[in-house]
Amino acid sequence: MTNSQAWDYAIGMIKVDGLEPTEDFKKYIEKEKRGEVTMEDAKLFLDKKYKIKEPADA
């Protein structure tokens, strides 16, 4: 399975649940498919974007 096929499969699995990746994430996937970023970069992108922030007074 190529990297591109793996992403297409992953997006398909997301869509099965009735979800749709954001446009930002789709653009990032295209960058990863072209080799402009690594999977580690993608992980950091997702962690930064979706990580739950702790309350300031916690």
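From a predicted model like this one, the values you see are computed outputs, not experimental measurements. In this chain, residues are counted from 1 in sequence order.
For NZ of Lys26, the number of neighbouring non-hydrogen atoms (other residues, nucleotides, ligands) closer than 6.0 Å is greater than 12.
The line from CD of Gln5 to CG of Asn3 is 10.0 Å long, rounded to the nearest 0.5 Å.
Considering every non-hydrogen atom in both Met1 and Ala6, the closest pair reads SD-CA, 3.5 Å.
The shortest distance between side-chain heavy atoms of Met39 and Leu44 does not fall below 4.5 Å.
At distances below 3.5 Å, not a single donor-acceptor pair connects side-chain atoms of Glu32 with backbone N or O atoms of Ile29. Asp41 places a side-chain N or O within 3.5 Å of a backbone atom of Thr38 that can act as its donor or acceptor partner.
A salt bridge is defined here as a Lys NZ or Arg NE, NH1 or NH2 lying under 4.0 Å from an Asp or Glu carboxylate O, and Lys27 with Glu30 fails to meet this definition.
Note: the hydrophobic cluster containing Tyr9 does not contain Ile14 (ILVMFWY, side chain heavy atoms under 4.5 Å, direct or indirect links). Hydrophobic clustering (ILVMFWY, side-chain heavy atoms < 4.5 Å, transitive): Ile11 and Leu19 are in one cluster.
Using cut-offs of 30° and 60° on the angle between ring planes, the pair Tyr28 and Phe45 is parallel.
Contacts of Glu36 classified as salt bridge (charged side-chain N to carboxylate O under 4.0 Å, His left out), with partners at least two apart in sequence or in another chain: Arg34.
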